[in-house]
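The structure under discussion appears below in the form of structure tokens.
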Amino acid sequence: MKNITFGTRELNKLLDDTLMSKYTFPSETLMEIAGLAVAQVSHIVLNKLKQNKVCVLVGPGNNGGDGLVAARHLKMMNYSVDLVVFK
């Protein structure tokens, strides 16, 4: 298995800020990219576990938006998706 590197909260914020200000990425585009990435990784894991059901828990804020996008992509991948939204 490959090593996985995680960015810090500060590094991720700097990356988001740079992409939005210097390269004019809309925040919605970044949300779509993040949500799709989560869905793709989830698909790999769920496929290995031979699961076709998933529950996505989302809260308020930007990460919640990423979760909603991930849930949409998983649904389009034919997973049975339960969605729980906290506020």
Practice item. Any chance you could measure Gln40, atom CD, to Leu74, atom CG, to the nearest 0.5 Å? Key: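 So the gap between those two atoms works out to 10.0 Å.
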**Prompt:** CD1 of Ile33 to CG of Leu19: how many Å apart, nearest 0.5 Å?
**Reply:**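 With rounding to 0.5 Å, CD1 (Ile33) is 8.0 Å from CG (Leu19).
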I want to check something: taking the side chain as every heavy atom from C-beta on, are [X] and [Y] in contact at a cut-off of under 4.5 Å?
X	Y	answer
Asn12	Thr8	no
Pro26	Met20	no
Asn52	Leu46	no
Val54	Ser80	no

*Flag yes if Met31 and Leu36 sit in one hydrophobic cluster, no otherwise; membership is Ile, Leu, Val, Met, Phe, Trp, Tyr, and two members link when side-chain heavy atoms are under 4.5 Å apart.*
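No; tracing contacts between hydrophobic side chains, which count when under 4.5 Å, never links both residues.
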Treat each ILVMFWY residue as a node, draw an edge where side-chain heavy atoms are under 4.5 Å apart, and state whether Leu14 and Phe25 are in one component.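 Different clusters.
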Would you name the heavy atoms of [X] and [Y] that are closest together and state the gap between them?
X	Y	answer
His73	Glu32	NE2-OE1, 3.5 Å
Ala39	Ala70	CB-O, 3.8 Å
Leu83	Ala71	CD1-CB, 4.1 Å
Lys53	Tyr79	N-CD2, 4.5 Å

Tell me every residue that passes side-chain hydrogen bond (donor to acceptor under 3.5 Å, both in side chains) with Asp17, counting only those two or more places apart in sequence or in another chain.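 If we apply the side-chain hydrogen bond (donor to acceptor under 3.5 Å, both in side chains) test to Asp17, skipping adjacent residues, the hits are Lys13.
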* **Listed partners of Lys75 passing side-chain hydrogen bond (donor to acceptor under 3.5 Å, both in side chains), at least two apart** =>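 None.
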Quiz item: Between the main-chain N or O of Val38 and the side-chain N or O of Ser42, is there a donor-acceptor pair closer than 3.5 Å?
Solution: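 The answer is yes, because a donor-acceptor pair under 3.5 Å joins these two groups.
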- [ ] Have a look at Leu68 and tell me which of Val58, Asn63, Val56 forms a side chain to side chain contact (heavy atoms under 4.5 Å, CB included) with it.
- [x]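 Answer after filtering Val58, Asn63, Val56: Val58.
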